[in-house]
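Keep in mind that this is a model prediction, so the values were computed, not measured. The basis for the numbers below is simple: all heavy atoms, side chains too, and nothing from hydrogens, waters or symmetry mates.
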Amino acid sequence: MSSSPRPSVIQLAIKEKSALYAAYIPLFAEGGIFIPTLRDYQLGDDVYVLLSLPEEPERYPVAGTVAWVTPAKAANHRKQGIGIQFPKDEKSRALRLKIEQILGSHMASDRPTQTI
């Protein structure tokens, strides 16, 4: 049994601003994203995400860490999935700024999200 399994790779294509708003996690210092998944993850698991943003042809690779888990049958009908915290690096900082630029005025909204 290996002590550090290879991180799983998840492709996440977010096609609409509203979906990006619901998934983005501004509470993490470096930003983060909620990923709906039925797979079991543990806090601290490494996850490699290929993220596509609305109206962006580029896919952004993120080597993130599971920072929380929403279990199956969670309260308030929240989707099962994981919250990925972006790493503390320049690429993540640029990605966070790109997401916040896309969301613009949505950032101040009090609409519910998949996150906190």
Please report the shortest heavy-atom distance between Lys98 and Tyr60, naming the atom on each side.
-> CE-OH, 3.7 Å
Determine the minimum heavy-atom distance between Leu12 and Pro36, stating which atoms define it.
-> CD1-CD, 4.4 Å
Could you tell me which residues satisfy side-chain hydrogen bond (donor to acceptor under 3.5 Å, both in side chains) with Gln11, sequence neighbours excluded, listed by chain and number?
-> Arg59
Residues which pass side-chain contact (heavy atoms from CB on, under 4.5 Å) with Lys88, listed by chain and number, not counting sequence neighbours | Glu30, Arg93
Drop me the distance from Asp45's CG to Asp40's CG, to the nearest 0.5 angstrom.
-> 10.0 Å
Any chance you could measure Ile84, atom CD1, to Asp46, atom CG, to the nearest 0.5 Å?
-> 9.0 Å
How long is the gap from OH on Tyr41 to CD1 on Ile10, to the nearest 0.5 Å?
-> 3.5 Å
Check side-chain contact (heavy atoms from CB on, under 4.5 Å) between Ala63 and all other residues, then give those that pass, not counting sequence neighbours.
-> Tyr48
Check Ala23 against Ile14 and note the closest heavy-atom contact, atom names and distance.
-> CB-CD1, 4.2 Å
Over all heavy atoms of both residues, which pair between Pro54 and Leu20 is shortest? Give the atoms and the distance, please.
-> CD-CD2, 4.0 Å
Hey, could you give me the CG/OH distance between Leu103 and Tyr24, rounded to the nearest 0.5 Å?
-> 8.0 Å
Once you round to the nearest 0.5 Å, how far does CD1 of Ile35 lie from CD1 of Ile82?
-> 5.0 Å
Which heavy atom of Val62 sits nearest a heavy atom of Pro87, and at what distance?
-> CG1-CD, 3.9 Å
Hydrophobic cluster membership, Leu43 vs Phe86, 4.5 Å side-chain cutoff = yes
Can you tell me how far CD of Gln80 sits from CG of Leu38, rounded to the nearest 0.5 angstrom?
-> 5.0 Å
Please check if Ile102 and Leu50 belong to a single hydrophobic cluster, counting links between Ile, Leu, Val, Met, Phe, Trp and Tyr side chain heavy atoms closer than 4.5 Å.
-> no
